[in-house]
Amino acid sequence: MGKVLIIGAGGVATVAAVKVAKNADVFSEIMIASRTKSKCDAIAQYIKEQGIRSDIKTAQVDADEIPQLVALFNEFKPDLVMNLALPYQDLTIMEACLQTGCNYLDTANYEPKDEAHFEYSWQWAYRERFEKAGLCAILGCGFDPGVTSIFTAYAAKHHFDEIQYLDIVDCNAGNHHKAFATNFNPEINIREITQKGLYYENGKYIETEPMEIHKTLNYPNVGPRESYLLHHEEIESLVINYPTIKRARFWMTFGQQYLTYLDVIQNIGMSRIDEITYRAPKADGSGMEDVKIVPLQFLKAVLPNPQELGENYDGETSIGCRIRGLRDGKEHTYYVYNNCSHQAAYEETGMQGVSYTTGVPACIGARMFMLGLWNKPGVHNVEEFDPDPFMEELNKQGLLWHELHDVDLEL
């Protein structure tokens with residue numbers, strides 16, 4: 001058993017906190033911390049009201065400030081820090097972990113605030129320091145990245161001698177009944193999908209225009225959905241850890257209404273991430289003053305809060321890996337996937353399915369660490385660990401997975 005500190009108080013952090021609280025056999029103490037303590041208190045109160053656990057601690061911390069993080073870590077002394085805050089804060093939290101002797105886990109790789117770009121190189125640069133400190137950092141333990149990487153590791157271990165073609169497919173067939181809303185932090189979501197696409201083929205990366213490549217794919221229990229090729233971080237580590245891969249791509253579905261709104265947002269400049277200045281009335285009414293804002297951050301403030309979408313959200317997600325490769329010299333295909341009901345997720349955790357599919361794997365990864373199954377010094381992507389105990393826990397913790405062998409992958 002061990003002490004865990006969850007940083008963040010959004011939808012993913014809420015789900016992870018609920019699931020961690022339910023895993024009392026391995027988590028002896030739990031603390032939730034974020035910039036706004038009242039949000040942490042609300043999560044702890046929800047867990048108490050559900051009759052799960054009543055001893056969860058909360059704290060205020062600015063995850064951009066290393067001294068604040070260090071002080072909190074030294075006070076609480078967690079065995080593991082679960083970084084479920086924003087990708088902007090990965091490096092500050094990792095640095096604080098090194099200074100205080102804490103192990104680390106996150107769900108998304110680092111992204112600088114001033115550039116819509118993400119890759120693992122910034123975090124991989126910490127490998128030697130974590131190794132020398134005897135600390136473990138587990139990267140990308142959400143669903144994608146996370147479960148999709150573990151699906152790939154499981155396929156490589158049990159079904160293939162050589163994985164050659166990997167397509168990760170992510171479908172949200174749910175309906176939140178809003179004109180336009182994002183399923184996780186709007187700022188991160190819009191930055192991610194408006195940048196150029198990227199995929200790996202024959203030893204090099206090929207860049208595409210945003211949403212340039214798309215095709216209709218059929219998803220289990222959902223049917224056909226238009227799917228768009230995006231850049232996604234797990235491809236970067238998977239092609240290194242499985243060098244037989246000839247091509248790796250990531251696909252995500254979007255409805256036409258979503259894309260129309262997104263097009264308008266870009267055309268009117270509301271997706272900009274640079275700071276602008278505009279003239280606004282002073283609060284005291286004494287005249288005008290220059291006010292600086294980042295358009296995308298302003299848009300985030302007026303869009304629906306992803307944490308509040310769950311109650312009326314119906315439908316389901318379907319996320320998985322479509323793999324082609326060799327076994328005993330013969331070509332085989334393999335499709336492994338999970339479907340998650342938005343309503344079932346809401347009934348258990350108060351959050352919708354996209355938060356659920358990210359928060360549950362984070363809890364399982366933390367459980368793997370506490371049990372000593374995933375714990376080795378250094379900085380590691382999840383596919384570097386044994387996938388079997390994680391796959392077993394997925395079925396126990398609410399994310400059932402399914403397999404299809406030698407089927408048409410459509411890709």
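Residue indices begin at 1 and follow the sequence shown. These figures come from a predicted structure and were not determined experimentally.
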Atom pair [atom1]/[atom2] of [X] and [Y] - distance to nearest 0.5 Å:
| X | Y | atom1 | atom2 | value |
| --- | --- | --- | --- | --- |
| Asn83 | Thr107 | CG | OG1 | 7.0 Å |
| Ile323 | Ile163 | CD1 | CD1 | 4.5 Å |
| Glu392 | Ile364 | CD | CD1 | 11.0 Å |
| Ile66 | Leu98 | CD1 | CG | 10.0 Å |
| Asp144 | Glu233 | CG | CD | 8.5 Å |
| Ile168 | Tyr199 | CD1 | OH | 15.5 Å |

If only side-chain N and O atoms count, and only distance matters, is there a donor-acceptor pair under 3.5 Å linking [Y] with [X]?
| X | Y | answer |
| --- | --- | --- |
| Trp124 | Asn381 | yes |
| Asn241 | Glu383 | yes |
| Tyr313 | Asn172 | yes |
| Asn109 | Glu119 | no |
| Ser121 | Tyr110 | no |
| Asp106 | Gln123 | yes |

Hey, does the Lys NZ or Arg CZ of [X] hover above the aromatic six-ring of [Y], less than 6.0 Å from the centre and inside 45° of the axis?
| X | Y | answer |
| --- | --- | --- |
| Arg322 | Tyr335 | yes |
| Arg324 | Tyr165 | yes |
| Lys3 | Phe27 | no |

Using the ring of each side chain (for Trp, its six-membered ring), is [X] parallel, tilted or perpendicular to [Y], with breaks at 30° and 60°?
| X | Y | value |
| --- | --- | --- |
| Tyr154 | His158 | tilted |
| His232 | Phe250 | parallel |
| Phe390 | Trp374 | parallel |

Okay, side chain of [X], backbone of [Y]: is any donor-acceptor separation there less than 3.5 Å?
| X | Y | result |
| --- | --- | --- |
| Thr358 | Ser355 | no |
| Asn338 | Leu400 | yes |
| Gln99 | Ala96 | no |
| Glu236 | Tyr120 | yes |
| Asn339 | Ser318 | no |
| Ser149 | Pro145 | no |
| Gln60 | Ala33 | no |
| Tyr46 | Gly350 | yes |
| Asn103 | Leu80 | no |
| His342 | Gly353 | yes |

Do the non-hydrogen side-chain atoms of [X] and [Y] ever get within less than 4.5 Å of each other?
| X | Y | result |
| --- | --- | --- |
| Leu72 | Thr100 | no |
| His231 | Gln195 | yes |
| Thr253 | Glu226 | no |
| Tyr228 | Phe254 | yes |
| Asp64 | Gln89 | yes |
| Arg249 | Leu411 | yes |
| Tyr104 | Leu139 | yes |
| Cys102 | Phe76 | no |

What verdict does the side-chain hydrogen bond (donor to acceptor under 3.5 Å, both in side chains) test give for Trp251 and Asp167, after you've listed the backbone C-alpha separation in whole Å, the side-chain angles of each residue and the deciding distance to 0.1 Å? CA-CA 7 Å; Trp251 306 81; Asp167 285 281; 2.8 Å; yes
Quick test of your reading of the model: are [X] and [Y] salt-bridged, counting only N-O distances below 4.0 Å?
| X | Y | answer |
| --- | --- | --- |
| Arg127 | Glu131 | no |
| Arg129 | Glu95 | yes |
| Glu65 | Arg35 | no |
| Lys282 | Asp284 | no |
| Glu29 | Lys57 | yes |
| Asp25 | Arg367 | yes |

So does [X] have more than 12 non-hydrogen atoms from other groups sitting under 6.0 Å from [atom1]?
| X | atom1 | answer |
| --- | --- | --- |
| Lys157 | NZ | yes |
| Gln50 | CD | yes |
| Tyr205 | OH | yes |
| Lys48 | NZ | no |
| Glu201 | CD | yes |

Among Gln45, Lys37, Lys39, which residue meets the side-chain hydrogen bond (donor to acceptor under 3.5 Å, both in side chains) test with Asp41?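 Answer after filtering Gln45, Lys37, Lys39: Lys37.
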Applying side-chain hydrogen bond (donor to acceptor under 3.5 Å, both in side chains), run through Glu348 and Tyr356 and close with a yes or a no. CA-CA 9 Å; Glu348 182 185 355; Tyr356 191 89; 2.6 Å; yes
Using the side-chain contact (heavy atoms from CB on, under 4.5 Å) rule, take Phe369 and Leu105 through it: C-alpha gap first, then chi angles, then the decisive distance, then the call. CA-CA 9 Å; Phe369 171 82; Leu105 178 147; 5.9 Å; no
Kindly indicate, with the supporting measurements, whether the criterion side-chain contact (heavy atoms from CB on, under 4.5 Å) is fulfilled by Val169 and Ile319. CA-CA 6 Å; Val169 292; Ile319 312 173; over 6 Å; no
Could you go step by step and tell me if Lys196 and Glu212 meet the side-chain contact (heavy atoms from CB on, under 4.5 Å) rule? CA-CA 9 Å; Lys196 291 189 175 183; Glu212 176 187 359; over 6 Å; no
When every non-hydrogen atom of Ala59 is compared with those of Cys40, the smallest separation belongs to O-SG, 4.0 Å
Let me see the working for Ser341 and Gln343 under side-chain hydrogen bond (donor to acceptor under 3.5 Å, both in side chains), right down to the final yes or no. CA-CA 5 Å; Ser341 160; Gln343 271 305 299; over 6 Å; no
For Val18 and Ile52, what are the C-alpha separation, side-chain angles and deciding distance, and is it a side-chain contact (heavy atoms from CB on, under 4.5 Å)? CA-CA 8 Å; Val18 171; Ile52 301 169; 3.9 Å; yes
